[in-house]
Amino acid sequence: MELLSGNEAIARGAWEAGVRFAAAYPGTPSTETLEALGKYEGVYAEWATNEKVAVESAVGASIAGARVLSTMKHVGVNVAADPLFTAACTGVHGGMVVLAADDPGMYSSQNEQDSHYYAAAAKIPMLDPADSQEAYQFTKDAFELSERFDVPFFIRSSVRISHTKTPVEVGERVEVELKNYDVNCAKWVMMPAFAKPRRTVQLQRIAELSEWAETCPYNKVIEGSKEIGVICGGAAYQHVRAALPDASVFKLGLSWPLPKKALAAFAASVDAVYVVEEGSTYMIDAVRAAGVNVSEAPCGIPSESELTAGIIKAAFGRELPAIKPAPADLPGRPPALCPGCPHRVVFRELNRMKALVMGDIGCYTLGTLPPLNAMNACIDMGASISMAHGYEVAAEGTDHRPVVSVIGDSTFGHSGLSSLISTVYNCGKGTVCILDNRTTAMTGRQGNPFNGITLQNRPSRELDLEGVVRALGIEDVRVIDPYSVKEVRKALKEATSSDELSVLIFRHPCILLTKQHEAAYSVTADCVGCGVCNTLGCPAISKNEQGIAAIDESMCIGCGQCAQYCGSKAIQQLVPTNNIA
């Protein structure tokens, strides 16, 4: 018995099932799955440039006869949708499982979406574990089911299932021989002449899956009071059991296709049936479409964010436990860039020059927040360059602010490169800022093509970022130290004044990557309280009631950014520079 998170349990189940190949792009809450799997013997695991590439690589390995796993967060499924929909038609050779980790409540995501809709649209079966034991078992079984039904299988998780640790009874790895590959163009080449017959195969498969769903062992009925029957699955099941311990529950372990006959039988066994789900109406709509008369919760269930036992209790008019309110004077703790973050000066200077900034997905998105206030839009991975180009074209002659896009090195490799190619192709202008902190910082400092570090530390190549950009025909490509205020200011001023497309690469390792600190800075009696240092938004800097600046020496990493902005020279390093680990 081991205590595993849902992500670790999925990795364990995949390993025991004989997985040989795994690919992913890191994204919370799915990231730890491939990191855990990559530590096991007998598995090749890699970070791909994006989720689409990860799935395509997995399909290729499946064609070769290997069992494969691809993992991603919910918005990653958007990126991978193209190959996924077609793989549902071709089917598989070696078993293929895809983890879709949803984020109800948007704790680390730009939107809240339900991956159940992808299962229904692509016609890919979806399993919904409700704890780590199920995450392990469902994943382990899914490879055999994938091969049995000749189709990829989804495992759907959510932030609570992925990150909560529960006991798991584990087993041993079963070595699965690589299946022989036979040329079969009718199965694998999806040109119309072959795709049409595969559609017929797909429809036959759906009928077989629907029949299997009625007796699927992952769907369970927990008998209770006949007054209330609840249909639910995944993390919602745990909240329902805590909130309504007396209710009868139909626990859906297989959420697509739904077991229509079994659900109808359950509904007939209770006085009223309800559907409880997080941040979506997929389940209630699908259950009603199956012919089940679903009642509305007496006080309503919110269609957004995560559920809790308390929310469900309130929805059903149950008495809530007394909760002591938090003290009214607790200070807020807004997210902020780390002390010494190499992105801080770039955003401070963009704010200073009143640039219109199109941003991207990464920890640098925090440049939006006060006091930096230096990002105007952010929608998805790689979009900053495309949005800046669109704005530049549409607002030409009407908006005289410099238009700048900001993107990280890993995000640039994910999908920013294709956006830059399009901008170059269409003779776009503007300034592209690539914040190269040598890692994929937001999801836990994973490797990417531009630092050359692979998931399992295999020999690799560090791609030449500036060389790649120059190869597109962009002449103004510069590498700048983002710790130097003068260099950053000069580069931004020159680039935004140009009529040509400029790419500025601000290169400095993430402070959490190097973990090298310099001697801390302190505020002297010369401080005049101008407040300029506070506009950097560094968590180590504060001010007292008199408006005089103060630096928390335990947080300061000695980057010296604040000292460069201090006009009165009141910020001084405590001792001569000395690197310490």
Side-chain angles (χ1 to χ4, degrees), residues 6 29 102-107 112-114 116 128-135 156-167 218-255 258-259 262-328 330:
D102 289 358
D103 188 13
M106 295 176 280
Y107 291 99
E112 187 175 67
Q113 65 187 52
D114 185 348
H116 286 113
D128 263 277
D131 57 27
S132 295
Q133 180 66 50
E134 288 191 345
R156 178 188 177 268
S157 182
S158 65
V159 64
R160 295 301 153 199
I161 302 302
S162 285
H163 291 161
T164 299
K165 293 200 173 191
T166 61
Y218 312 130
N219 298 326
K220 297 179 180 179
V221 174
I222 295 89
E223 294 186 358
S225 168
K226 300 302 180 183
E227 294 182 8
I228 296 177
V230 179
I231 299 170
C232 57
Y237 166 75
Q238 304 292 357
H239 300 314
V240 167
R241 294 295 291 157
L244 308 171
D246 54 329
S248 292
V249 177
F250 193 112
K251 177 184 173 297
L252 283 166
L254 175 71
S255 50
L258 291 180
L263 288 172
F266 174 73
S269 72
V270 295
D271 297 338
V273 66
Y274 304 87
V275 171
V276 175
E277 59 187 322
E278 288 184 315
S280 177
T281 61
Y282 162 80
M283 195 71 72
I284 191 170
D285 293 340
V287 172
R288 282 174 171 163
V292 176
N293 184 20
V294 179
S295 301
E296 297 287 346
C299 302
I301 297 174
S303 295
E304 61 182 357
S305 196
E306 276 195 299
L307 290 177
T308 64
I311 290 173
I312 297 171
K313 277 180 174 287
F316 284 87
R318 301 291 179 92
E319 184 178 354
L320 297 175
I323 299 176
K324 185 178 180 180
L330 281 179

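- Using cut-offs of 30° and 60° on the angle between ring planes, the pair Phe266 and Phe250 is perpendicular.
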Would Val276 and His239 satisfy side chain to side chain contact (heavy atoms under 4.5 Å, CB included), going step by step from the backbone distance to the final call? CA-CA 9 Å; Val276 175; His239 300 314; over 6 Å; no
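- Here the closest non-hydrogen pair linking Val294 and Arg288 is O-NH2, 3.2 Å.
- For the pair Pro259 and Leu254, the minimum side-chain heavy-atom distance is 4.5 Å or more.
- Under a 3.5 Å cut-off, the side chain of Glu112 and the backbone N or O of Glu304 do not form any donor-acceptor pair.
- Considering only residues two or more places apart in sequence or on other chains, Ser158 meets the side-chain hydrogen bond (donor to acceptor under 3.5 Å, both in side chains) condition with none of them.
- Distance alone, capped at 3.5 Å, places no donor-acceptor pair between the His116 side chain and the Tyr282 backbone.
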Criterion side chain to side chain contact (heavy atoms under 4.5 Å, CB included) on Gln238 and Thr164, from CA distance to verdict: CA-CA 12 Å; Gln238 304 292 357; Thr164 299; over 6 Å; no
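- Within the 4.5 Å cutoff, the side chain of Ile222 has heavy atoms near those of the Arg241 side chain.
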Before giving the answer on salt bridge (charged side-chain N to carboxylate O under 4.0 Å, His left out), spell out for Asp128 and Lys251 the whole-Å C-alpha distance, their side-chain angles and the decisive distance to 0.1 Å. CA-CA 10 Å; Asp128 263 277; Lys251 177 184 173 297; over 6 Å; no
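- More than 12 heavy atoms of other residues, nucleotides or ligands sit less than 6.0 Å from atom CG of Leu330.
- Expressed to the nearest 0.5 Å, how far CD1 of Ile301 lies from CD1 of Ile284 amounts to 7.5 Å.
- Taken from OG in Ser280 to CD in Gln113, the straight-line distance is 10.0 Å, to the nearest 0.5 Å.
- Contact record, Ala130 with Gly234: CB-O, 3.4 Å, taken as the closest heavy-atom pair.
- Considering CG of Leu244 and CD of Glu227, their distance stands at 12.0 Å, rounded to 0.5 Å.
- In this structure, Gly310 and Leu320 approach most closely via the heavy-atom pair O-CD2, 3.3 Å.
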Verdict with supporting geometry, Met283 and Leu258, side chain to side chain contact (heavy atoms under 4.5 Å, CB included): CA-CA 9 Å; Met283 195 71 72; Leu258 291 180; 4.2 Å; yes
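- The backbone N or O of Ala236 lies less than 3.5 Å from no partner atom in the side chain of Glu278, so there is not a single donor-acceptor pair.
- Between Val273 and Leu263 there is no side-chain heavy-atom pair separated by less than 4.5 Å.
- Distance check, rounded to the nearest 0.5 Å: OG1 of Thr281 to CG of Asp114 gives 8.5 Å.
- Of all heavy-atom pairs between Tyr274 and Ala297, the closest is CD2-N, 3.8 Å.
- Both the sub-6.0 Å distance and the 45° axial angle are not jointly satisfied by Arg160 relative to the ring of Tyr237.
- Of all non-hydrogen atoms in Ser162 and Ser157, the two that sit nearest each other are OG-OG, 2.7 Å.
- For Lys220, the NZ atom is loosely surrounded, since the number of other residues' heavy atoms within 6.0 Å does not exceed 12.
- Here Ser295 contributes atom OG and Asp271 contributes atom CG; the two are 10.0 Å apart, rounded to the nearest 0.5 Å.
- A side-chain donor-acceptor contact under 3.5 Å links Thr166 to the backbone of Ser132.
- Of the N and O atoms on the side chains of Tyr218 and Glu134, not one donor lies less than 3.5 Å from an acceptor on the other residue.
- Remark: side-chain polar atoms of Ser248 are paired, donor with acceptor, to backbone N or O of Ser225 under 3.5 angstrom.
- Residue Asp102 comes nearest to Pro29 through the heavy atom pair O-CG, 3.5 Å, listed as atom of the first residue, atom of the second, then distance.
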